[in-house]
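In what follows, a single structure is set out as structure tokens and then discussed.
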Amino acid sequence: MSEETSARVFRGLFVTGTDTGVGKTVVTAALAAALRAEGQQIGVWKPVQTGTALGAGVTDAERLLQSTGIMERPEDVAAFTFPEPLTPMLAAKRAGVCLTLDGLMAAGQTIMNRYDALIVEGAGGVAVPLTDDAMMVDLMAELLMPALIVAKSGLGTINHTLLTVAMLRHRAIPIAGIVMNDGEQAVWKTDPSVAWNAELIERFSGVKVLGRFPSLPRSSHTHMEILIQTVRETIDLSPVRQALAVQNRGGC
Ligand SMILES: Nc1ncnc2c1ncn2[C@@H]1O[C@H](COP(=O)(O)OP(=O)(O)OP(=O)(O)O)[C@@H](O)[C@H]1O
Ligand SMILES: [Mg+2]
């Protein structure tokens with residue numbers, strides 16, 4: 001770790017996923033909204049996002065702000081936005097930008113300074129190339145934040161979730177828990193694996209599943225009050241609160 005990086009202090013939770021499109025943005029927004037409703041000074045940060053330009057309200061940063069009521073400029077919440085739907089390292093390169101961990105950390109520190117803790121949304125999963133020689137998991141390790149894994153509720157999730165847990169453990173990143181997400185479909189209606197997936201993930205990983213986020217109607221998955229209510233009804237927030245209270249383990 002460089003001297004400049006080592007002086008930085010982050011506190012929060014890093015929401016990663018087993019894949020792109022598993023519901024990280026919906027769960028990140030819902031958790032942030034629920035914790036803010038308890039009076040916690042929580043901000044959101046999306047270190048890098050790809051696939052759409054800022055402005056139309058559809059990037060993750062804009063969705064996070066809309067769903068939580070946080071008053072920030074999207075470009076402050078996501079300083080690195082690249083339009084091509086590619087892994088961050090490639091999308092940045094093709095936009096003429098060379099991403100570095102130090103540059104990402106510096107952007108994060110600016111937003112961190114305004115809050116007690118951040119809920120950070122990764123891009124894709126842990127093994128996504130971010131810079132020429134670093135993956136998302138390397139940024140997570142630099143931040144020294146506990147991770148929360150968003151996993152889909154249905155078939156295939158055991159393998160993807162256990163692989164994600166293994167990679168985080170390999171880098172000694174603490175895991176606050178796993179949130180299963182039903183996504184856009186009421187998957188449990190057609191997929192019998194949903195009844196067993198959480199239990200098997202807990203048994204084979206030793207990590208607690210904090211709950212299963214239900215499928216919400218399209219009109220309501222950016223609706224703050226509905227997200228808060230859904231978290232209260234379905235997610236055990238205690239490990240998340242504990243993770244946010246943990247003082248950064250190192251860094252200086
Ligand atoms: N529980 C849910 N109920 C209804 N729709 C959902 C739910 N979870 C996710 N979705 C929808 O599924 C799509 C993918 O979810 P989301 O954007 O949160 O995934 P992601 O993991 O953040 O993706 P990315 O890797 O692009 O950041 C979005 O259209 C989102 O609104
Ligand atoms: Mg997202």
Side-chain angles (χ1 to χ4, degrees), residues 13-34 44-54 56-68 70 74 77-92 104 118-130 135-137 139-140 147-154 156-157 160-161 164 178-191 194 197-198 209-235:
L13 184 74
F14 196 109
V15 177
T16 186
T18 53
D19 197 359
T20 186
V22 290
K24 295 182 298 295
T25 304
V26 170
V27 171
T28 300
L31 292 176
V44 289
W45 177 34
K46 177 87 185 178
V48 53
Q49 56 186 4
T50 67
T52 330
L54 285 172
V58 295
T59 65
D60 284 0
E62 291 162 300
R63 287 168 60 203
L64 289 171
L65 293 175
Q66 191 192 342
S67 305
T68 56
I70 294 173
V77 167
F80 297 99
T81 301
F82 305 108
E84 288 200 81
L86 294 167
T87 197
M89 181 260 260
L90 280 179
L104 288 160
L118 295 178
I119 305 211
V120 186
E121 184 195 341
V126 289
V128 160
L130 199 53
M135 295 184 291
M136 189 61 74
V137 73
L139 176 65
M140 296 170 76
L148 180 135
I149 301 168
V150 178
K152 67 176 185 178
S153 301
T157 196
H160 289 149
T161 308
T164 301
I178 297 161
V179 170
M180 317 290 296
N181 180 31
D182 284 3
E184 283 174 300
Q185 310 292 332
V187 64
W188 52 270
K189 286 187 181 165
T190 52
D191 181 346
V194 173
N197 286 334
V209 172
L210 307 184
R212 198 175 115 211
F213 202 89
S215 185
L216 299 175
R218 178 153 282 282
S219 56
S220 65
H221 51 73
T222 53
H223 191 294
M224 187 166 66
E225 291 308 326
I226 290 173
L227 292 175
I228 292 170
Q229 193 56 35
T230 306
V231 167
R232 286 182 180 155
E233 287 167 3
T234 62
I235 309 294

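Just follow the structure's listing: the first ligand is 1, and inside any ligand the first atom is 1.
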Requested in this report: Could you verify whether a donor N or O on one side chain and an acceptor N or O on the other, from T157 and N197, lie under 3.5 Å apart?
Outcome: no

Query raised in the report: What N, O or S atom of D60 is found closest to the Mg ion (ligand 2)?
Result: OD2

Report summary line: for atom 14 (C) of ligand 1, nearest protein heavy atom and its distance come out as G21 O, 3.7 Å

Report task. Distance to 0.1 Å, residue and atom name: give those for the protein heavy atom nearest to atom 27 (O) of ligand 1. Result -> D60 OD2, 2.9 Å

Report summary line: Heavy-atom nearest pair, I149 first then T164, reads CD1-CG2, 3.9 Å

Query raised in the report: Please state which protein non-hydrogen atom is closest to atom 31 (O) of ligand 1 and give its distance, to 0.1 Å?
Result: H221 CE1, 2.8 Å

Requested in this report: Could you tell me whether N181 approaches ligand 1 through its side chain, its backbone, both or neither, with non-hydrogen atoms closer than 4.0 Å?
Outcome: side chain

Query raised in the report: For residues T25 and E121, is any side-chain donor paired with an opposing acceptor at under 3.5 Å?
Result: yes

Report summary line: Any heavy atom of K46 under 4.0 Å from ligand 1? The part involved is side chain

Report task. Would you mind running through ligand 1 and noting each atom that sits below 4.0 Å from a heavy atom of F213? Result -> 1 (N)

Report summary line: One finds that the ligand 1 atoms under 4.0 Å from a non-hydrogen atom of T20 are 24 (P), 25 (O), 26 (O)

Query raised in the report: Looking at P214, which atoms of ligand 1 are within less than 4.0 Å of one of its heavy atoms?
Result: 1 (N), 2 (C), 3 (N)

Query raised in the report: To the nearest 0.5 Å, how far apart are CG in D60 and OG1 in T52?
Result: 8.0 Å

Requested in this report: Decide whether Q229 and E233 meet the rule of one side-chain donor and one side-chain acceptor closer than 3.5 Å.
Outcome: yes

Requested in this report: Give a yes/no answer: is there an N/O/S atom of T20 under 2.8 Å from the Mg ion (ligand 2)?
Outcome: no

Report summary line: re atom 28 (C) of ligand 1, the protein heavy-atom contact at minimum distance is R63 NH2, 3.9 Å

**Report entry** Contact check: E121 vs ligand 1, nitrogen or oxygen atoms, below 3.5 angstrom
**Finding:** yes

Report task. Consider every N or O of D182 and every N or O of ligand 1, then say whether any pair is closer than 3.5 Å. Result -> no

Query - ligand 1 to G122 polar contact by distance, N or O atoms, under 3.5 Å - result: no

Query raised in the report: Of the non-hydrogen atoms in G154 and V187, which two are nearest, and what is the gap between them?
Result: CA-CG2, 4.3 Å

Query raised in the report: Who gets closest to atom 21 (O) of ligand 1 by heavy atom: M180, K24, K152, R218?
Result: K24

Requested in this report: Using a strict 4.0 Å cut-off to heavy atoms of G124, name the atoms of ligand 1 that fall inside it.
Outcome: 25 (O)

Query raised in the report: Purely on distance, is any nitrogen or oxygen of A123 under 3.5 Å from one on ligand 1?
Result: no

**Report entry** side-chain contact (heavy atoms from CB on, under 4.5 Å) between V22 and H160, intermediate numbers included
**Finding:** CA-CA 11 Å; V22 290; H160 289 149; over 6 Å; no

Query raised in the report: Hey, is E184 touching ligand 1 through its side chain, its backbone, both or neither, going by heavy atoms under 4.0 Å?
Result: both

Query raised in the report: Is there any N or O on G23 that sits under 3.5 Å from an N or O of ligand 1?
Result: yes

Query - Shortest protein heavy-atom distance from atom 2 (C) of ligand 1, along with the residue and atom involved - result: G183 O, 3.3 Å

Query - Shortest non-hydrogen contact from T87 toward P129 - result: OG1-O, 3.2 Å

Report summary line: Among N, O or S atoms, E121 approaches the Mg ion (ligand 2) most closely through OE2

Query raised in the report: Is there side-chain contact between S67 and M224, with at least one heavy-atom pair below 4.5 Å?
Result: no

**Report entry** Atom of V209, atom of A198 and distance for their closest heavy-atom approach
**Finding:** CG2-O, 3.7 Å

Requested in this report: Can you sort out which atoms of ligand 1 are near L216, meaning under 4.0 Å from one of its heavy atoms?
Outcome: 2 (C), 3 (N), 4 (C)

Query raised in the report: Between L31, D182, V231, which is the residue that forms a side-chain contact (heavy atoms from CB on, under 4.5 Å) with F213?
Result: V231

Query raised in the report: Do P214 and T230 have side chains that get closer than 4.5 Å, going by heavy atoms?
Result: yes

Query raised in the report: Would you find more than 12 non-hydrogen atoms of other residues, nucleotides or ligands less than 6.0 Å from Q185 atom CD?
Result: no

